[in-house]
Amino acid sequence: MRRLLALSSAVLLLAGMTVPASAHRQLHVPGAEYQELAHLDDLTTAGTVASGHTNPVDYAGLTHSGLPQQSGVPGVQIDGYFPDTSHTNTNHGWNHDAQFVIRLPQRWNGGLVVSGSPGVRAQYANDKSISDYVLSLGYAYAATDKGNTGAAFSTDGVRPGDAIVEWNVRTTQLARAARATVAQHYGRPAREVIAAGISNGGYLVRWQLENHPEL
């Protein structure tokens, strides 16, 4: 994609489909070393906080307290990780980096939003600022922890800068895997794929657009 696309409620007018129960076949995220799939009544934080499918610590302090709460988006969530040798991300007790989350709403508008986390936070950091909103519009959503997290992220790798290089690699990896997973689940590819992020996630958006516009 060669340009950033603005999200708006008008997107819902372009395409809309409801996934029948028969379509909930077993999904495999390409390249994942481990994954867990859950059918949830609500993929937004209104539901995932209680069900344990997000971590509020990841997004604490990133949004205004007056941000409207989205809710009522049933669908499938896949949590997992790609092969990696570092262990800074403790979400789910996995102590494994390269963790991801993919959310597939039951009512899909045909689009996919891929996101990298801001700062040195993990994969749920954009759940309030991006995921809740785009899910309410019908988009599928995927996010990565960028391959390393926390204050000691820079120790990941051999040479200076390796940790940041991995951020780019992991975002590309997730974009490809999420596109394939969306096609598996809905029976057709996404009609558009949007990269979205804030802070370091915004840097990842720029890098992906410059280096992988085909995604």
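Under the rule for a side-chain contact (heavy atoms from CB on, under 4.5 Å), the partners of Ser86 that lie at least two apart in sequence or sit in another chain are Asp84, Asp97, Asp156. The side-chain contact (heavy atoms from CB on, under 4.5 Å) search around Ser154 returns none, not counting sequence neighbours.
There is no side-chain donor-acceptor pair under 3.5 Å between Gln77 and Thr48. Neither side chain, Asp79 nor Gln123, offers a donor N or O lying under 3.5 Å from an acceptor on the other. A donor-acceptor pair shorter than 3.5 Å can be found between the side chains of Glu166 and Asn148. For the residue pair Lys128 / Gln69, a side-chain donor-acceptor distance below 3.5 Å is found, with atom types taken as modelled. With 3.5 Å as the limit, one finds a donor-acceptor pair spanning the side chains of Tyr34 and Glu36. Looking only at atom types and distance, the side chain of Thr88 has a donor-acceptor partner in the side chain of Thr149 under 3.5 Å away. In this structure, a donor-acceptor pair under 3.5 Å is present between the side chains of Asp127 and Thr54. Using modelled atom types, one finds a donor on one side chain and an acceptor on the other under 3.5 Å when comparing Asn126 with Ser115. In this structure, a donor-acceptor pair under 3.5 Å is present between the side chains of His212 and Glu214.
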Applying side-chain hydrogen bond (donor to acceptor under 3.5 Å, both in side chains), run through Gln99 and Thr144 and close with a yes or a no.
-> CA-CA 6 Å; Gln99 291 191 37; Thr144 172; over 6 Å; no
Does the side chain to side chain contact (heavy atoms under 4.5 Å, CB included) test come out yes or no for Val182 and Leu104, once each step is laid out?
-> CA-CA 7 Å; Val182 162; Leu104 306 165; 3.9 Å; yes
Please assess Tyr139 against Trp108 for the test ring pair (Phe, Tyr, Trp, His ring centres under 6.0 Å), listing each intermediate value before the final yes or no.
-> CA-CA 6 Å; Tyr139 284 90; Trp108 184 48; 9.4 Å; no
Given ring pair (Phe, Tyr, Trp, His ring centres under 6.0 Å), test Phe82 with Phe100 step by step and report yes or no.
-> CA-CA 8 Å; Phe82 297 110; Phe100 63 82; 4.8 Å; yes
Stepwise, does the side-chain hydrogen bond (donor to acceptor under 3.5 Å, both in side chains) test hold for Tyr203 with Asn168?
-> CA-CA 9 Å; Tyr203 154 71; Asn168 300 320; 3.0 Å; yes
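For the pair Tyr133/Leu67, no side-chain contact is recorded, criterion being any heavy-atom separation below 4.5 Å from C-beta on. With a 4.5 Å cut-off on side-chain heavy atoms, Ile78 and Thr181 count as touching. Looking at heavy atoms from C-beta onward, Leu40 lies out of side-chain contact with Val76 at the 4.5 angstrom threshold. Side-chain contact between Pro56 and Val49 is present, with at least one heavy-atom pair separated by less than 4.5 Å. Side-chain contact between Thr63 and Ser129 is present, with heavy atoms from C-beta onward closer than 4.5 Å.
Taken to the nearest 0.5 Å, the CG atom of Leu43 stands 11.5 Å off from the OG atom of Ser136. Here OG1 of Thr155 is found 11.0 Å from CG of Asp162. Values are rounded to the nearest 0.5 Å. The distance from the OG atom of Ser117 to the CD1 atom of Ile130 is 9.0 Å, given to the nearest 0.5 Å. Residue Arg176 holds its CZ atom at 9.5 Å from CZ of Arg179, rounded to the nearest 0.5 Å. Rounding to the nearest 0.5 Å places CD1 of Ile164 at 13.0 Å from CH2 of Trp207. To the nearest 0.5 Å, atom OG1 of residue Thr44 and atom CG of residue Leu135 are 7.5 Å apart.
Side-chain atoms of Asn91 never come within 3.5 Å of backbone atoms of Ala122 as a donor-acceptor pair (strictly under, hydrogens ignored). Checking side-chain atoms of Arg121 against main-chain N and O of Ala60 turns up a donor-acceptor pair under 3.5 Å. Judged purely by atom type and a 3.5 angstrom limit, Asn200 has no side-chain atom pairing as donor or acceptor with the backbone of Pro118. At least one donor-acceptor pair closer than 3.5 Å links the side chain of His64 to the backbone N or O of Gly66. A donor-acceptor pair is defined here as one N or O able to donate and one able to accept, closer than 3.5 Å; no such pair exists between the side chain of His28 and the backbone of Gln26. The backbone N or O of Val73 sits less than 3.5 Å from a side-chain atom of Asp42, completing a donor-acceptor pair. Remark: the backbone N or O of Ala98 is paired with a side-chain donor or acceptor of Asp145 at under 3.5 angstrom. Of the possible polar contacts, one joining the Gln35 side chain to the Val29 backbone as a donor-acceptor pair under 3.5 Å is found.
Note on Ile102 and Val193: same hydrophobic cluster, where clusters join Ile, Leu, Val, Met, Phe, Trp and Tyr whose side-chain heavy atoms are under 4.5 Å apart, directly or indirectly. No single ILVMFWY cluster, assembled from side-chain heavy atoms under 4.5 Å apart, contains both Leu209 and Trp167.
Within a 6.0 Å radius of CG in Asp41, other residues, nucleotides and ligands contribute 12 heavy atoms or fewer.
His96 and Tyr81 have parallel rings, their planes meeting at less than 30° on a 0 to 90° scale where 60° marks the start of perpendicular.
Taking the charged nitrogens against the carboxylate oxygens, Arg103 and Asp132 have no contact shorter than 4.0 Å, which rules out a salt bridge.
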